[in-house]
Amino acid sequence: MPSPILAPRGTYDLLPPASTLRAGLEARMRDVATSFGYGEIRTPIFEATELFERGVGEGTDIVEKEMYTFVDKGERRMTLRPEFTAPVVRAALEHKLFAAGPQRFFYLGPIFRYERPQKGRYRQPHQVGVECYGYSEPEAEVEVIALAWQLVRSHKIADARLQLNSIGDAACRDRYREALLSFLRPLAPTLSEDSQRRLERNPLRVLDSKDPRDGEAVKNAPRMLEHLCDPCREHFGAVRALLDALAIPYDVNPQIVRGLDYYTRTVFEIVSNSLGAQSTVCGGGRYDNLVASLGGPSVPAVGFAMGIERFEMILSAAGAAPEAMRRGVQAIALGVQARARLLPIALRLRERGTAVFMDFADRKIPAQFKLAERNAARAGLILGSDELEKGELVVRDLVERSEVRVAIDDIEGITTALQRMGV
RNA sequence: GUGAUUGUAGCUCAGCUGGUUAGAGCGCCUGACUGUGACUCAGGAGGUCGCCGGUUCGAACCCGGUCAGUCACCCCA
């Protein structure tokens, strides 16, 4: 016997009713982004591999070992998108949108990374995120952060915290890099193997190492925030002042570094301790050089990406997951003839937007009531032989356990009775 | 990629130091109840014990491999 085919490792099937909850969450996310003036952008699920090599950075783990890359029949190197920012920039450049001034986009959908699955980490995770182009002003960061914060706040998530840092621009980061290197080099033998390996290539990564051996060295290491050039320091101060004015709480956390090459100046994360080792639910910041590095004009940019699965995990940990509401109607017919009469009524109700469930298996009344329970129907529409004779049907409130009788063809009367029951 | 741990019915799990036809609860189906959801009672369906191989007279149990889940490292949303 052939072995059964399973969903690929690190992926999952979203089934009802979880899929209904997901759809509701996505709808609320769209609403929030829309209320900030962002428009939805949908880009292809695969792109030229080179886009990510240039956009995300050749030295990053994502590009080095996590991409789903293939060669198509036209010998083109293609990659399933591992993130959204590079594709969005590509689309904006392709359609010359930057000629029209500032642009605001949000996106929602799956990304693909070949990673070892664990809690809050999948091979096809889903992200919602925004991109704001054309503003070098600190208000841009604050708008994007406020949007992310609104997403979190609108769901009453208690233990989410905003972490903020500045990693400077090309000029002051290079100077800091040198300062950090000359501090860490003498200590190299005391660092973890990973950090020793990373030291020359990306010394900033040593700062957020979890290895206790690195903690000691990092403790006295020079701080980026103290090495910011004047414009960067001023900019960071302005971001903080605006956040304070909006009463958005945050911690300055010098260890926030972000893994992608394109970030400049402000970086931020929203973290929660209900996520295990994957504590970040949202990560973002400013990336003023990305558009130019992909061959476009010099356009400053700010954005974030939020993990939808992780967001759901926080929601359920907070007990904020919405309960499935009782909704719709169970159409209960006894026998083929009654079914034939009830079917068009069900259709009429559905045309009016009422959910109607119906069973065709000739089950008895009690069995059909059980189905109504399983469907979490709010009301029942019962048509048996008695009713058929009298030309009536029973509209039953499944919560109050009360019922009224209405003429079979009186669709208005049925609708009114259902409305009274809150269907 | 590294390490740890788990895999028995649709779900949650039991199954002693390897020993006849593998169990429970919930769920599902049928009936008691010529037409009202719960409860009760009586029946019933459903498992090649993740898969492959090995050891053994004999494997759900021991060994190896493999697939998948989970957790951590790493990385990140």
Side-chain angles (χ1 to χ4, degrees), chain A residues 1-12 15 56 59-66 82-85 107-129 148 151 192-195 197-198 202 205 208-212 256-260 268-272 275-284 303-314 326 330 332-335 338 361 363-377 379-388 393-403:
Chain A
M1 198 203 279
S3 54
I5 297 172
L6 309 174
R9 179 158 212 216
T11 69
Y12 59 92
L15 309 172
V56 179
T60 61
D61 278 28
I62 290 178
V63 171
E64 265 182 9
K65 44 195 189 197
E66 294 179 1
E83 58 110 50
F84 275 95
T85 296
Y107 55 78
L108 189 55
I111 61 166
F112 305 86
R113 291 184 194 175
Y114 191 87
E115 295 197 88
R116 186 95 172 251
Q118 65 183 72
K119 187 184 182 111
R121 200 168 78 181
Y122 301 93
R123 289 186 174 179
Q124 185 187 321
H126 296 74
Q127 290 187 336
V128 60
L151 244 28
S192 66
E193 295 78 21
D194 278 342
S195 288
R197 191 168 39 77
R198 280 189 295 237
N202 195 349
R205 299 304 278 131
D208 66 354
S209 166
K210 286 180 200 162
D211 195 302
I256 303 280
V257 173
R258 310 258 73 232
L260 286 68
F268 69 93
E269 291 184 1
I270 295 176
V271 298
S272 162
L275 290 175
Q278 271 63 44
S279 58
T280 305
V281 65
C282 174
F304 71 75
M306 185 177 278
I308 291 181
E309 286 85 355
R310 290 185 188 177
F311 197 90
E312 285 176 335
M313 288 168 67
I314 297 177
R326 274 187 170 266
Q330 184 80 30
I332 298 173
L334 197 59
R363 269 180 254 264
K364 297 185 177 173
I365 299 272
Q368 295 200 52
F369 270 95
K370 278 189 102 167
L371 292 178
E373 290 305 305
R374 210 180 305 162
N375 290 326
L381 220 56
I382 304 147
L383 186 62
S385 38
D386 290 359
E387 289 82 5
L388 214 47
L393 51 72
V394 171
V395 185
R396 180 173 174 85
D397 188 323
L398 294 176
V399 176
E400 302 296 325
R401 302 193 174 218
S402 61
E403 49 192 47

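All heavy atoms count here, side chains included; hydrogens, waters and symmetry mates do not. Numbered from 1 within each chain, the chains take letters A, B, ... in sequence-line order.
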When the [atom1] atoms of [M] and [N] are compared, how many Å lie between them, rounded to an integer?
N	M	atom1	result
B:G47	B:G64	P	31 Å
B:A60	B:G19	P	9 Å
B:U21	B:U8	P	22 Å
B:C49	B:C61	C1'	10 Å
B:C16	B:A72	P	31 Å
B:U20	B:U2	P	40 Å
B:G27	B:U40	P	9 Å
B:G46	B:C11	C1'	13 Å

What residue among A:P8, A:P110, A:P117 forms side-chain contact (heavy atoms from CB on, under 4.5 Å) with A:R123?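 Going through A:P8, A:P110, A:P117 one by one, the side-chain contact (heavy atoms from CB on, under 4.5 Å) with A:R123 is satisfied by A:P117 alone.
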
Just compare [options] and give me whichever is closest to any side-chain atom of [X].
X	options	answer
A:Q118	B:G37, B:C74, B:U2	B:C74
A:R401	B:A77, B:G37, B:C67	B:G37
A:T280	B:A77, B:G1, B:G35	B:A77
A:R326	B:G35, B:G37, B:C28	B:G37

Quick test of your reading of the model: are A:E66 and A:R116 salt-bridged, counting only N-O distances below 4.0 Å?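 Salt bridge flag = no for A:R116 with A:E66.
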
What is the distance, rounded to the nearest whole Å, between atom [atom1] of [X] and atom [atom2] of [N]?
X	N	atom1	atom2	value
A:Q368	B:U34	CD	C1'	15 Å
A:D61	B:G1	CG	P	14 Å
A:R123	B:G1	CZ	P	8 Å
A:L371	B:G27	CG	P	15 Å
A:L393	B:G35	CG	C1'	15 Å
A:Q330	B:U36	CD	C1'	13 Å
A:R121	B:U2	CZ	C1'	12 Å
A:K119	B:U70	NZ	C1'	10 Å

If pairing requires Watson-Crick or G-U wobble contacts with both distances under 3.5 Å, which nucleotide is the partner of [N]?
N	answer
B:U5	B:G69
B:C26	B:G10
B:A32	B:U40
B:U17	none
B:G64	B:C52
B:A45	none

Checking all strands, does [X] fall into the base, sugar-phosphate, or nothing category for heavy-atom contacts under 4.0 angstrom?
X	value
A:G10	sugar-phosphate
A:G120	base
A:I332	nothing
A:F304	nothing
A:G384	base
A:I308	nothing
A:A372	nothing
A:N375	nothing

Begin from the C-alpha positions of A:L393 and A:I382 and carry the test side-chain contact (heavy atoms from CB on, under 4.5 Å) through to its verdict. CA-CA 6 Å; A:L393 51 72; A:I382 304 147; over 6 Å; no

Taking OP1 and OP2 of [N], is either one under 4.0 Å from a side-chain nitrogen or oxygen of [X]?
X	N	answer
A:R363	B:G35	no
A:K364	B:G31	yes
A:K370	B:C28	yes
A:R9	B:G69	yes
A:Q127	B:A77	no

Is a donor-acceptor contact shorter than 3.5 angstrom present between the side chain of [X] and the base of [N]?
X	N	answer
A:E387	B:G35	yes
A:R116	B:G3	yes
A:E373	B:A38	no

Return the CG to CZ distance between A:L108 and A:F84, rounded to the nearest 0.5 Å.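 Output value for this atom pair is 7.5 Å.
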
Taking atom types as modelled and ignoring hydrogens, do the side chains of A:T11 and A:Q124 form a donor-acceptor contact shorter than 3.5 angstrom?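 Side chains of A:T11 and A:Q124: no pair found under 3.5 Å.
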
Report yes if the side chains of [X] and [Y] come closer than 4.5 Å at any heavy-atom pair, otherwise no.
X	Y	value
A:R363	A:L371	yes
A:R113	A:P125	no
A:K65	A:D61	yes

A:V399 and A:R326: CA distance, side-chain angles, deciding distance, side-chain contact (heavy atoms from CB on, under 4.5 Å) verdict: CA-CA 9 Å; A:V399 176; A:R326 274 187 170 266; 3.5 Å; yes

In terms of the nearest nucleotide of RNA chain B, which residue is placed more toward the 5' end: A:V281 or A:K65?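 Final value for this comparison: A:K65.
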
For A:E403 and for A:S279, locate the closest nucleotide of RNA chain B by heavy-atom distance; then report the residue assigned to the nucleotide nearer the 5' terminus.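 Checking each residue's closest nucleotide, the 5'-ward one belongs to A:E403.
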
